*Asks:* 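Here it is, the structure in full.
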Amino acid sequence: MNIELQLKVQDLNVRYAQAIDDNQLEAWPDFFTEDGRYRVTTAENFERGLPLGMIYATSRAMLRDRVRSLRDANVYEAQRYRHIVAPPLLTADEGRGARARTGFLVARIMHTGETTLFASGRYEDHVVLDDGVARFAEKVVILDSRLIDTLLAIPL
Amino acid sequence: MNIELQLKVQDLNVRYAQAIDDNQLEAWPDFFTEDGRYRVTTAENFERGLPLGMIYATSRAMLRDRVRSLRDANVYEAQRYRHIVAPPLLTADEGRGARARTGFLVARIMHTGETTLFASGRYEDHVVLDDGVARFAEKVVILDSRLIDTLLAIPL
Amino acid sequence: MNIELQLKVQDLNVRYAQAIDDNQLEAWPDFFTEDGRYRVTTAENFERGLPLGMIYATSRAMLRDRVRSLRDANVYEAQRYRHIVAPPLLTADEGRGARARTGFLVARIMHTGETTLFASGRYEDHVVLDDGVARFAEKVVILDSRLIDTLLAIPL
Amino acid sequence: MFMRKDAMAAISHQWPAEGLTRVPYWLYSDSDIYEEEQARIFRGPTWSFLCLEAELPGPNSYRRSSLGAMPVVVTRDKDGTLHGFENRCAHRGSLLVLNESGEARDIICVYHNWSYDLAGNLTGVAFRKGLAGKGGMPPHCRPEDHGPRKLRLETLSGLVFGTLSAAAPPLEQYLGAEIASRIRRVMRAPVKLLGGYSQTLPSNWKLYMENVKDTYHASLLHTFFTTFRLNRLSQKGGIVVSDSGGHHVSYSFAADSGGKEYEQAGMRAAQEGFGLEAPQLLEAVDEFGDGIGLQILSVFPTFVLQQTRNSLAVRRLVPQGLDQTELVWTCFGFTTDDEDMTERRLRQANLIGPAGYISMEDGAAPGFVQRAVTTAPDLLSVVEMGGASVASDDNRVTEAAVRGFWKAYRGLMGM
Amino acid sequence: MFMRKDAMAAISHQWPAEGLTRVPYWLYSDSDIYEEEQARIFRGPTWSFLCLEAELPGPNSYRRSSLGAMPVVVTRDKDGTLHGFENRCAHRGSLLVLNESGEARDIICVYHNWSYDLAGNLTGVAFRKGLAGKGGMPPHCRPEDHGPRKLRLETLSGLVFGTLSAAAPPLEQYLGAEIASRIRRVMRAPVKLLGGYSQTLPSNWKLYMENVKDTYHASLLHTFFTTFRLNRLSQKGGIVVSDSGGHHVSYSFAADSGGKEYEQAGMRAAQEGFGLEAPQLLEAVDEFGDGIGLQILSVFPTFVLQQTRNSLAVRRLVPQGLDQTELVWTCFGFTTDDEDMTERRLRQANLIGPAGYISMEDGAAPGFVQRAVTTAPDLLSVVEMGGASVASDDNRVTEAAVRGFWKAYRGLMGM
Amino acid sequence: MFMRKDAMAAISHQWPAEGLTRVPYWLYSDSDIYEEEQARIFRGPTWSFLCLEAELPGPNSYRRSSLGAMPVVVTRDKDGTLHGFENRCAHRGSLLVLNESGEARDIICVYHNWSYDLAGNLTGVAFRKGLAGKGGMPPHCRPEDHGPRKLRLETLSGLVFGTLSAAAPPLEQYLGAEIASRIRRVMRAPVKLLGGYSQTLPSNWKLYMENVKDTYHASLLHTFFTTFRLNRLSQKGGIVVSDSGGHHVSYSFAADSGGKEYEQAGMRAAQEGFGLEAPQLLEAVDEFGDGIGLQILSVFPTFVLQQTRNSLAVRRLVPQGLDQTELVWTCFGFTTDDEDMTERRLRQANLIGPAGYISMEDGAAPGFVQRAVTTAPDLLSVVEMGGASVASDDNRVTEAAVRGFWKAYRGLMGM
Ligand code: FES
Ligand code: FES
Ligand code: FES
Ligand SMILES: [Fe+3]
Ligand SMILES: [Fe+3]
Ligand SMILES: [Fe+3]
């Protein structure tokens with residue numbers, strides 16, 4: 001077991017989650033490589049081999065577009081997330097990086113104070129070292145539930 | 001503080017949780033030693049010194065029986081769990097293994113999409129090295145609540 | 001990345017959470033330095049620069065007073081917490097200690113069995129080595145929500 | 001003009017002409033019915049199981065329970081006498097007792113410190129005479145008249161029952177001789193508590209009680225049961241239905257007739273059995289000496305006494321709304337048990353409770369009904385296995401005990 | 001003496017004199033209205049969308065769906081014939097089918113193993129003749145008469161609709177020629193499923209359907225839409241409203257007239273556009289060959305067929321109470337699609353669904369109304385854009401389709 | 001035939017003959033009563049506290065508040081004038097303002113961009129004249145007539161109150177001279193906000209207001225209070241009840257008479273005190289120069305102004321259903337405070353709020369009542385401390401202020 005790598009990937013996950021939970025959306029795309037892929041889907045779609053995602057991006061540029069839309073175009077009530085991310089399970093340790101599977105829970109807190117268990121699932125990640133920095137070459141968010149309460153604005 | 005052991009036990013917990021959450025029930029008994037003990041009880045019973053469990057097994061064979069019953073005999077709606085397991089607190093580091101106390105939350109996701117905070121509690125584990133592999137010689141699941149919603153099919 | 005320190009701070013958090021969840025309130029003040037500060041506030045107050053806290057203590061003695069009041073004076077229904085604390089994000093590693101930011105979820109379990117997602121937020125901690133023992137010189141609990149269900153008796 | 005459901009409902013709320021072989025689905029989804037049941041059944045002339053005497057170990061102890069949805073307190077006073085009363089203060093109506101159980105010489109309401117003895121009598125009113133001659137309560141005021149409603153209690157072999165009604169017959173008469181003797185059969189020695197747990201059922205309370213009384217489902221819904229031949233309808237056994245209809249016993253003998261009716265009927269439950277890797281799970285002794293391996297007994301409205309081989313339990317229901325009910329389990333043995341017997345009971349407890357091999361389905365099935373019938377309020381449930389009989393029988397392929405439940409229910413609800 | 005709301009409500013429940021240009025807010029917050037809608041609309045003479053034929057791939061398959069809040073099962077039998085029926089057992093009313101979908105040659109209720117064929121006919125009653133000559137069901141008993149209610153099914157270009165009512169006209173007649181042809185326009189080839197997801201809407205079902213039919217909000221609520229000029233009211237397009245009023249189509253052509261009405265009107269939605277860093281998101285092909293880039297089509301009560309450029313989806317609603325509704329999305333392409341087309345549909349799926357650039361707001365807006373109008377039951381909503389017309393029009397600055405919804409609704413509710 | 005609760009309820013809904021010394025429990029569990037209160041009390045001739053002026057710091061600012069369950073907006077326009085109106089759009093009824101507070105020159109509804117000035121006047125209707133001569137709204141249509149209902153606002157020493165009713169008397173007259181002067185006593189300088197938080201109370205809103213007005217419970221429920229002798233009924237003090245009955249003040253002087261009534265009464269609250277390890281928590285200054293250490297003031301229906309030594313707060317209630325209520329706290333000091341005073345207020349804030357040493361119990365006690373009385377709808381609460389008086393008094397062992405609440409309540413509810 002490669003403790004160094006294990007903790008590096010965990011640290012990436014923690015910083016990723018903190019950035020979102022602290023509303024640092026502008027920093028979000030930088031957790032991905034330039035051509036990083038990001039997809040949010042459901043376990044049901046994933047297991048049935050259906051390709052549809054709720055969010056599907058194939059580059060850091062597409063992630064930046066989404067952030068700008070969330071900031072300037074879309075209408076949604078003020079809300080924040082609280083991610084709790086389990087320690088990653090490294091499923092393969094490749095030369096330039098690692099495959100990691102990581103369970104998570106996300107609580108959503110509305111401006112009214114209402115707190116709900118908004119999402120649960122796992123990340124299927126491909127983490128690479130991008131000139132020394134650990135980044136996601138691919139992050140697939142597989143939600144346990146097919147059901148989203150109201151809407152999904154802030155990324156998971 | 002024995003970092004190696006700490007992370008070994010944590011890794012065991014993470015793999016244990018992932019196996020259940022990924023519906024790999026057949027792999028579940030192998031996280032225990034041949035004569036491993038598994039018990040699910042409530043904090044109320046535990047603290048009052050009452051021995052009753054909701055599930056009580058004293059061997060890997062009994063765990064395999066439960067898996068087969070869940071697969072072939074019992075009727076319950078399609079559902080999955082999402083475990084989030086805290087880092088373990090090693091309470092004693094014995095020659096062949098360790099005693100660990102670990103907090104956890106489990107969300108339950110029904111096939112309908114409904115997600116609820118299904119269980120919370122702690123694991124009181126006795127982890128041993130079983131020819132090199134870390135396994136549970138005993139795992140006591142102590143639920144904070146005495147209340148189970150509908151039924152408890154998938155193990156915790 | 002200082003793995004040793006990282007795990008030391010995480011271990012402190014885990015022991016802190018376990019003490020509370022196991023109803024070891026008398027042990028709680030000892031996780032702080034003699035002049036340790038503890039404050040529970042909301043993200044809304046924190047971000048607007050408003051100083052109000054729900055709980056505000058500036059010494060271990062004040063924490064002991066609160067424990068004694070909870071034990072001997074205040075009336076509240078039997079309940080317990082289950083903390084799940086994320087790995088800490090060390091934001092600064094100072095000579096005598098570290099600044100850590102740590103996400104958490106707290107489930108509350110009433111004696112009736114009712115379990116709810118009671119609190120979510122982050123700890124902004126200043127951890128120091130107090131003759132060899134890691135303790136909180138300051139712990140600020142920043143709740144994501146402004147809303148508390150019924151009351152806040154047990155500390156977070 | 002728009003015709004309102006209220007009016008329509010009032011009209012449609014008639015029991016179907018077929019009588020007890022049909023049950024209208026509006027009974028499970030009308031909130032007025034729920035309120036009526038609380039008043040007419042649970043606070044009416046019925047006996048509700050409250051707790052085991054063993055749950056009040058010594059003098060000066062108390063525990064919470066309920067009469068339907070109504071919170072009550074059961075106490076054992078310093079002389080060992082049991083008392084029961086509403087968990088509501090005479091003053092502004094706060095819960096009097098907050099903890100599930102404990103020890104106390106008297107009960108003090110936390111809100112304004114009015115005090116009560118363990119019989120539920122108001123004994124003290126803080127500042128009744130005021131303070132320094134000011135304030136306080138006028139002499140003519142009789143807060144005692146507003147005290148918590150007291151329950152009549154009766155115990156049978158360590159089981160504590162209570163009622164609010166003076167019209168309820170004595171417990172033994174309420175139960176009838178046969179039910180009482182079947183209770184005594186199990187409660188044969190002083191109880192040793194083994195533990196407990198609860199389930200939240202996503203259904204109306206009646207759907208769970210019907211499930212308990214439904215001897216027809218046992219071997220069909222619970223396929224572990226049949227697969228491991230722990231019990232088959234083909235085994236010798238039968239049911240007892242009390243004259244009132246409200247109480248029942250279902251029993252079967254441990255031996256298996258080895259009948260092949262299942263395979264012939266070719267139903268889901270008949271998939272060929274496989275053996276257990278760890279059969280000691282089922283190893284049992286005939287502790288009652290009558291060869292009966294399974295006895296399920298119910299007392300109207302919401303009590304169950306269960307013997308599954310050597311695993312013994314009492315269950316009670318707490319309605320929490322139209323479509324939610326709490327099921328409280330307490331498992332026990334006897335003070336005379338040796339270690340092996342205790343271990344046996346604990347091992348066989350794998351059969352029961354929320355994770356029980358032969359009971360987990362009972363937590364879900366009533367909810368399956370609740371979800372399907374809410375949009376069919378004016379349709380009827382068919383309860384005609386075994387014809388229209390509500391009598392005892394020496395076979396269990398009948399719904400007589402379910403019809404018995406509705407016989408008792410209709411009488412109390414005036415339907 | 002105290003005058004009760006019930007009585008007052010009965011009085012106030014009259015449609016306002018202004019007719020379809022006003023909608024009273026009590027329609028969204030009265031629980032009796034909700035129950036009435038289930039009976040008069042969803043279980044009445046309307047056609048509800050159930051699923052895509054493609055969701056029942058082969059013979060001996062089934063899937064769950066609903067008629068309003070009523071759970072139903074849709075099956076394809078061994079001959080490939082489609083059937084639909086209530087998901088409720090003839091016996092005690094359990095759900096018959098628990099899984100969302102699957103394969104089966106027959107359906108067996110888990111509770112007592114009564115069996116059904118895929119047409120919903122009761123084919124077997126466990127132990128109907130009893131066991132060893134005892135128990136069982138009397139010959140005169142006809143449980144078949146209590147079987148799950150069967151749906152009339154009709155399909156149109158791969159869309160499966162169902163109704164409980166014999167009074168509902170044939171589907172094509174119910175839709176009208178123009179709506180039917182607009183459906184055929186999209187459903188031009190065999191469907192290939194791409195996936196699905198659902199949303200819980202914190203509002204009454206009607207508020208979401210009004211949102212769908214509200215061509216006025218599109219470019220004002222969805223500012224991504226306007227900012228990126230994906231669609232502007234100034235673009236050529238129009239609406240179709242069926243004679244019944246209940247169904248509608250809204251469409252627009254892909255090209256932009258470049259009008260400056262927004263800037264002139266100086267409204268929030270008009271903030272100057274910025275470009276996308278990754279414009280390939282919007283790269284589309286005119287697959288229908290008519291230049292129409294957006295077509296939203298609804299069928300009363302709760303079906304939506306959507307073409308947003310090359311992103312195609314069907315949506316259906318499941319009312320879950322007065323102020324909660326589930327919205328079920330299924331996205332698809334055609335078996336004739338090549339890889340590029342599939343990738344295009346998946347990329348453009350970023351526009352739709354709970355996270356869609358131009359649809360996320362529709363999950364929230366109906367809830368904004370629900371929360372504001374619950375305390376204004378006796379006030380009126382104003383629906384007068386485009387006057388009082390409920391007719392088709394070649395512009396979309398009108399609420400004609402919303403008024404059409406209420407025209408159909410009032411007829412069915414007898415208001 | 002089965003007699004329905006509805007009918008029975010209508011009969012039983014009579015106030016008991018004893019008058020204000022008895023309160024029927026159906027008031028806390030009948031959903032029709034809840035709806036009636038919204039119309040007759042909160043939207044009726046009462047003044048609800050909305051916010052502090054300091055919460056609207058500058059021109060062109062707004063914040064959300066509520067009138068009972070009804071969402072409202074309070075604004076300060078460019079001239080500094082305050083306005084209040086319903087948070088509901090004239091068009092289809094969407095919430096107009098989504099954020100809790102903010103700055104804006106005008107308000108634009110997100111749904112269809114209708115715009116309003118900060119007085120709540122509809123100023124713009126998107127595409128009112130249509131687009132390119134098509135669509136739009138007919139000239140005779142007056143959406144302005146459906147605008148959000150406007151509130152009458154009045155402020156008193158920085159407190160903003162509002163009402164929907166023209167029949168409500170001027171605020172000072174509504175309060176009466178004594179209540180008004182007691183408000184002015186505390187609000188003696190410009191406010192500096194210190195922060196806020198909320199609690200969800202598991203009870204009907206009335207149970208919390210009764211708790212606030214209940215001067216009898218203070219030293220009995222809150223044992224920190226008594227144990228640390230921060231306040232004892234034996235201390236000099238008293239209550240003020242307004243003529244209407246609806247408003248009250250409870251006050252006590254900081255000095256302790258050292259009376260031993262508690263020990264004599266030998267009640268739970270009297271356990272011998274122990275000292276604080278960190279007594280600076282309680283170190284206070286007599287900032288109002290009158291020796292009053294505690295003043296709790298309430299204004300009907302749901303406002304509380306609190307001075308606990310140097311810890312100052314306003315509270316307001318938002319009913320969220322029959323048995324759930326939100327309690328909103330805002331704590332403050334004065335712009336004239338020095339650092340020590342601010343630190344003092346923050347330290348003493350440990351006494352109040354959801355975790356407050358002397359207030360945490362108030363979050364739970366109303367819920368204890370709610371849970372116990374729901375199954376006792378036809379029984380009565382006893383409110384006879386201090387007899388039947390609803391008058392001011394120089395002692396606090398009385399429930400006069402609670403009776404006053406019911407006096408005002410009955411008048412408005414026509415009971
Ligand atoms: S409510 Fe019990 S003493 Fe007042
Ligand atoms: S309920 Fe379906 S078989 Fe009995
Ligand atoms: S609802 Fe406000 S503009 Fe239409
Ligand atoms: Fe059963
Ligand atoms: Fe839209
Ligand atoms: Fe109080």
Side-chain angles (χ1 to χ4, degrees), chain A residues 29 34-79 108 110 112 114 116 118-119 141-156, chain E residues 100-101 192-203 221-228 268-269 271 273-281 311 313 324 326-333 342-343 345-350 352-368:
Chain A
E34 188 53 53
D35 60 352
R37 301 170 61 81
Y38 176 74
R39 189 158 63 98
V40 178
T41 188
T42 69
E44 186 181 328
N45 287 338
F46 189 82
E47 289 160 10
R48 290 166 62 197
L50 296 174
L52 181 73
M54 296 182 193
I55 304 179
Y56 172 48
T58 54
S59 71
R60 212 188 258 163
M62 288 179 81
L63 298 179
R64 282 192 294 262
D65 282 337
R66 185 162 280 270
V67 171
R68 291 171 61 211
S69 181
L70 290 174
R71 295 293 196 205
D72 301 329
N74 293 114
V75 175
Y76 52 96
E77 282 184 283
Q79 55 194 276
R108 185 190 62 191
M110 300 303 292
T112 56
E114 182 199 9
T116 52
F118 181 65
V141 184
I142 303 171
L143 297 174
D144 293 325
S145 172
R146 60 170 286 130
L147 203 51
I148 294 288
D149 180 25
T150 308
L151 54 76
L152 175 66
I154 303 169
L156 287 163
Chain E
E100 293 304 305
S101 63
K192 183 171 80 183
L193 295 176
L194 297 178
Y197 36 67
S198 294
Q199 287 171 264
T200 300
L201 307 175
S203 65
L221 174 63
H222 308 297
T223 64
F224 178 96
F225 224 139
T226 48
T227 309
F228 293 98
R268 180 179 62 83
Q271 58 192 253
F274 45 74
L276 282 174
E277 279 192 60
Q280 63 269 32
L281 177 81
S311 154
Q324 186 174 298
E326 181 173 347
L327 172 64
V328 183
W329 296 74
T330 306
C331 301
F332 61 93
T342 298
E343 177 68 12
R345 300 195 196 280
L346 295 174
R347 239 188 288 112
Q348 292 179 31
N350 277 299
I352 66 169
Y357 284 125
I358 59 176
S359 67
M360 71 170 76
E361 291 86 359
D362 293 326
F368 297 156

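Proteins come first, then strands; the chains are lettered A, B, ... in the order of their sequence lines, and each starts at number 1. These numbers were taken from a predicted model, which means no experiment stands behind them.
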*Asks:* Where on A:Asn74 is there a heavy atom nearer than 4.5 Å to chain E: the side chain, the backbone, both, or neither?
*Replies:* both
*Asks:* Checking the side chain of E:Gln199 only, and the main-chain atoms of A:Asp149 only, is there a donor and an acceptor separated by less than 3.5 Å?
*Replies:* no
*Asks:* To the nearest 0.5 angstrom, please state how far the CD1 atom of E:Ile352 sits from the CG atom of A:Leu52.
*Replies:* 7.0 Å
*Asks:* What part of E:Glu100 lies closer than 4.5 angstrom to a heavy atom of chain A: side chain, backbone, both or neither?
*Replies:* neither
*Asks:* Give the member of E:Ser359, E:Gly363, E:Ala355, E:Ala278 that has the highest number of heavy-atom pairs under 4.5 Å with chain A.
*Replies:* E:Ala355
*Asks:* Of all heavy-atom pairs between A:Ser69 and E:Phe224, which one has the smallest distance, and what is that distance?
*Replies:* OG-CD1, 3.3 Å
*Asks:* So which atom in A:Arg146 and which in E:Gly196 form the shortest heavy-atom distance, rounded to 0.1 Å?
*Replies:* NH2-C, 4.1 Å
*Asks:* State the CZ-OH distance between E:Arg345 and A:Tyr56, to the nearest 0.5 angstrom.
*Replies:* 14.5 Å
*Asks:* Just by modelled atom types, is the A:Leu147 backbone N or O under 3.5 Å from a matching donor or acceptor in the E:Ser198 side chain?
*Replies:* no
*Asks:* Is any side-chain heavy atom of A:Arg66 less than 4.5 Å from a side-chain heavy atom of E:Tyr357?
*Replies:* yes
*Asks:* Using 0.5 Å steps for rounding, measure from the CG atom of E:Leu327 to the CD1 atom of A:Ile148.
*Replies:* 12.0 Å
*Asks:* Show your working on side chain to side chain contact (heavy atoms under 4.5 Å, CB included) between E:Leu194 and A:Leu50 and close with a plain yes or no.
*Replies:* CA-CA 5 Å; E:Leu194 297 178; A:Leu50 296 174; over 6 Å; no
*Asks:* Return yes if some donor-acceptor pair links the side-chain N/O of E:Glu361 with the main-chain N/O of A:Val75 below 3.5 Å, else return no.
*Replies:* yes
*Asks:* Counting only heavy atoms closer than 4.5 Å, note whether A:Arg48 contacts chain E via side chain, backbone, both or neither.
*Replies:* side chain
*Asks:* In terms of heavy-atom pairs under 4.5 Å with chain A, which of E:Phe368, E:Tyr197, E:Trp329 leads?
*Replies:* E:Tyr197
*Asks:* Looking at E:Met360 and A:Ala153, what are the two nearest heavy atoms and their distance?
*Replies:* SD-CB, 4.1 Å
*Asks:* Using non-hydrogen atoms and a 4.5 Å limit, figure out which bit of A:Thr42 sits close to chain E: side chain, backbone, both or neither.
*Replies:* side chain
*Asks:* Select one option (side chain, backbone, both, neither) describing which atoms of A:Leu143 are under 4.5 Å from chain E's heavy atoms.
*Replies:* neither
*Asks:* Check whether any side-chain N or O of A:Asp65 sits under 3.5 Å from a backbone N or O of E:Leu276 as a donor-acceptor pair, and report yes or no.
*Replies:* no
*Asks:* For a quick test of reading the model, state the closest non-hydrogen atom pair linking E:Pro354 to A:Met54 and the distance between them.
*Replies:* CG-SD, 3.9 Å
